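Single-structure report; data block below.
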Amino acid sequence: MIRTDALERTYRSRDGSAVLALHPLDLTIGAGTVHGLLGRNGAGKTTLCRILSTVLLPTSGTATVAGFDVVRETRRVRQRVSIVFGGDRGLYGRLSARQNVSYWGSLHGLRGARLRDRTASLLVRFGLEGREDEPVERFSRGMKQRVHLARGLVADPPVLLLDEPTNGMDPVAALEFRDFVRDLRAEGKTILLTTHDLAEAEAVCDELTFIDAGRVLHSSPVERFADAVGDACFVESGPLPPGLAAHLEADPRIVRVTAGRAGATIVTSDRAAAEDVITRLGREGVTPAGIRPPQIHEVYLQLSQKAATRAG
Ligand SMILES: Nc1ncnc2c1ncn2[C@@H]1O[C@H](COP(=O)(O)OP(=O)(O)OP(=O)(O)O)[C@@H](O)[C@H]1O
C-alpha cells in the first residue's frame, strides 16, 4: 500500500549547505497494517510523511501510495491518504472544530447531510461533544490534536499518516487513542504511525521500522523487534555491590551497565559474555541474575547509540 524505493530528500539551508533528510530510504508497508516509524529527532520521519502526502517533493527515488506515484499522480494519492500532524499546525484557529473538520471534508468532495453527519460523529468519537462550535484557538493542545484526528478521518481515506498524533494528549486520551487505532485497523485502514512513545508503538503496531539519518536501521514485525540488537544479550540482576559496575564496564564485551537500588541491567556483546557475567555475579553473591529479552526502549537505545557512533 505504501512503497518507497531509494527515496531521497535533500534540504538546502539558507547558508547553502545541504541536509540529507532521506538518503536513501526503502520501505514497504502492506495493506491493512499499522506500521510504526521510530527514530531520533531529525531522523527524517516527518519528511517521509510529507512526501507520502504529496506536500513535499522527493529529490530522487520513488514513492507510491496504493500504487500511485506521489509526484506523477498527486491527485489520486491525495484521494487516498490523509496526514495528521502533532501540535497545532494545519488548523484554522478562528474556526470552530466543526468548521475545521467539515471544511476539510468539503475539500474532499463531501457535501450536505453526509458531510454534516460524518463531521458530527467524528467529533463525538474524539470526545469533543459540547465543544464542537468553539473556536479551535481556545482549545488545549490535546483537544486540538483530537480535531486533527477527526479532520484526517473525515474523508475516510484508506491510508492514514499519523505524525506524532498523541503529542500533547493526556495519558487517558493517549490510551483511548490506542483503541481507536485498533478500530481503524479492524476497518482495514493502512496506518503509518510516527511516534516517540515506544510503549504506544509496541501496543498498536504490527510492524516497526527504526530510521536514523534518513535510512532504515531495522524493520521487522513488532514481535521480532528485539532482532535489531543482533547478538547482544541483556542480563538482569539484583543490586550490585559498590564498584562492581565500573569493573564490569572495563570489559570490552560489556556494552552498558545500568545499575540502580532495585537491581541492574548489564548489556553484553554476545551470549558467551552474558554467561561469563552471570558466573561473575554469582561469585560476588549477586542474585538472582539471568538473561532476559530486551524491552523496546532498550532496543531503541541500542540502535540509536550504534547510529550515533557510526555518524561520528
Ligand atoms: N525545511 C527544512 N529546511 C532545512 N532542513 C530541514 C527542513 N525540514 C527538515 N529539515 C532537516 O531534515 C532532517 C529530517 O527532519 P524531519 O523533520 O524529517 O525529522 P523527524 O524525524 O520528523 O524529527 P522529529 O522527531 O524531531 O520530529 C533534519 O536534519 C532537519 O533538520
Side-chain angles (χ1 to χ4, degrees), residues 2-29 34-63 65 70-71 77 81-91 141-142 144-145 148-149 152 159-169 174 177 181 191-202 204-205 207-220 225 228 296-297 299-312:
I2 297 176
R3 188 182 163 125
T4 72
D5 288 291
L7 189 66
E8 300 205 346
R9 170 68 206 197
T10 305
Y11 292 105
R12 289 262 157 224
S13 303
R14 287 219 177 94
D15 65 4
S17 62
V19 179
L20 292 167
L22 302 178
H23 78 117
L25 190 100
D26 298 297
L27 191 64
T28 304
I29 301 177
V34 181
H35 196 105
L37 189 63
L38 309 175
R40 298 187 293 170
N41 292 131
K45 305 178 295 295
T46 298
T47 301
L48 175 63
C49 289
R50 296 184 70 209
I51 289 175
L52 293 174
S53 64
T54 78
V55 297
L56 186 72
L57 286 171
T59 309
S60 63
T62 56
V65 175
V70 296
V71 179
V77 172
V81 69
S82 252
I83 186 162
V84 173
F85 291 113
D88 45 19
R89 280 177 294 165
L91 294 177
R141 218 163 129 205
K144 285 180 185 156
Q145 198 50 42
H148 262 302
L149 285 165
V159 180
L160 282 163
L161 309 172
L162 307 180
D163 191 6
E164 298 184 41
T166 49
N167 194 355
M169 276 190 194
F177 168 80
V181 172
I191 298 174
L192 179 64
L193 169 69
T194 292
T195 182
H196 290 293
D197 183 336
L198 302 176
E200 175 179 285
E202 190 178 7
V204 303
C205 294
E207 290 168 355
L208 294 178
T209 292
F210 295 82
I211 68 168
D212 195 79
R215 292 174 200 266
V216 172
L217 289 184
H218 180 79
S219 194
S220 72
F225 68 80
I296 190 164
H297 68 275
V299 173
Y300 183 89
L301 190 67
Q302 191 92 345
L303 282 170
S304 300
Q305 282 180 344
K306 215 191 270 177
T309 314
R310 208 173 49 190

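Read the numbers this way: they start at 1 and go in the same order the structure lists the ligands and their atoms. Nothing here was measured: the structure is a model prediction, and the numbers come from that model. Quick note: residue numbers are just sequence positions, from 1.
Using a 4.0 Å threshold on non-hydrogen atoms, atom 18 (O) of ligand 1 counts as touching the protein.
Ligand-side atoms of ligand 1 in range of Asn41: 23 (O), 24 (P), 25 (O), 26 (O), range being under 4.0 angstrom from any heavy atom. Against a heavy-atom cut-off of under 4.0 Å, Ala21 is close to the following atoms of ligand 1: 12 (O), 13 (C), 14 (C). The Ala43 neighbourhood of ligand 1 comprises atoms 19 (O), 20 (P), 21 (O), with distances under 4.0 Å to a heavy atom of that residue. Near His196, with a cut-off below 4.0 Å to any heavy atom, the atoms of ligand 1 are 25 (O). Against a heavy-atom cut-off of under 4.0 Å, Thr47 is close to the following atoms of ligand 1: 14 (C), 15 (O), 16 (P), 18 (O).
At under 3.5 Å, a nitrogen or oxygen of Gly42, whether backbone or side chain, sits near a nitrogen or oxygen of ligand 1.
A donor-acceptor pair is defined here as one N or O able to donate and one able to accept, closer than 3.5 Å; such a pair exists between the side chain of His23 and the backbone of Ala213. Remark: the backbone N or O of Ala18 is not paired with any side-chain donor or acceptor of Thr10 at under 3.5 angstrom. Looking at Thr194, its side chain never comes within 3.5 Å of a backbone N or O of Glu164 through a donor-acceptor pair. Here the side chain of Ser13 pairs no donor or acceptor atom with the backbone of Asp15 at under 3.5 angstrom.
Among Leu48, Val19, Asn167, the residue whose heavy atom lies closest to atom 29 (O) of ligand 1 is Val19. Considering only non-hydrogen atoms, atom 21 (O) of ligand 1 lies nearest to Lys45 out of Arg9, Lys45, Arg12, Arg14.
Heavy-atom distances between Glu164 and ligand 1 reach below 4.0 Å in at least one pair. Residue Gly44 places a heavy atom under 4.0 Å from ligand 1.
Here the closest heavy-atom approach between residue Thr4 and residue Leu25 is recorded as OG1-O, 2.9 Å.
Distance from atom 2 (C) of ligand 1 to its nearest protein heavy atom, with residue and atom name: Tyr11 CD2, 3.5 Å.
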- Item | Worked check of side-chain hydrogen bond (donor to acceptor under 3.5 Å, both in side chains) between His35 and Thr209 | CA-CA 7 Å; His35 196 105; Thr209 292; 2.6 Å; yes
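One side chain, Glu200 or Thr166, offers a donor N or O that lies under 3.5 Å from an acceptor on the other.
Taking a cutoff of 4.0 Å between a charged side-chain nitrogen and a carboxylate oxygen, Arg40 and Asp212 qualify as a salt bridge.
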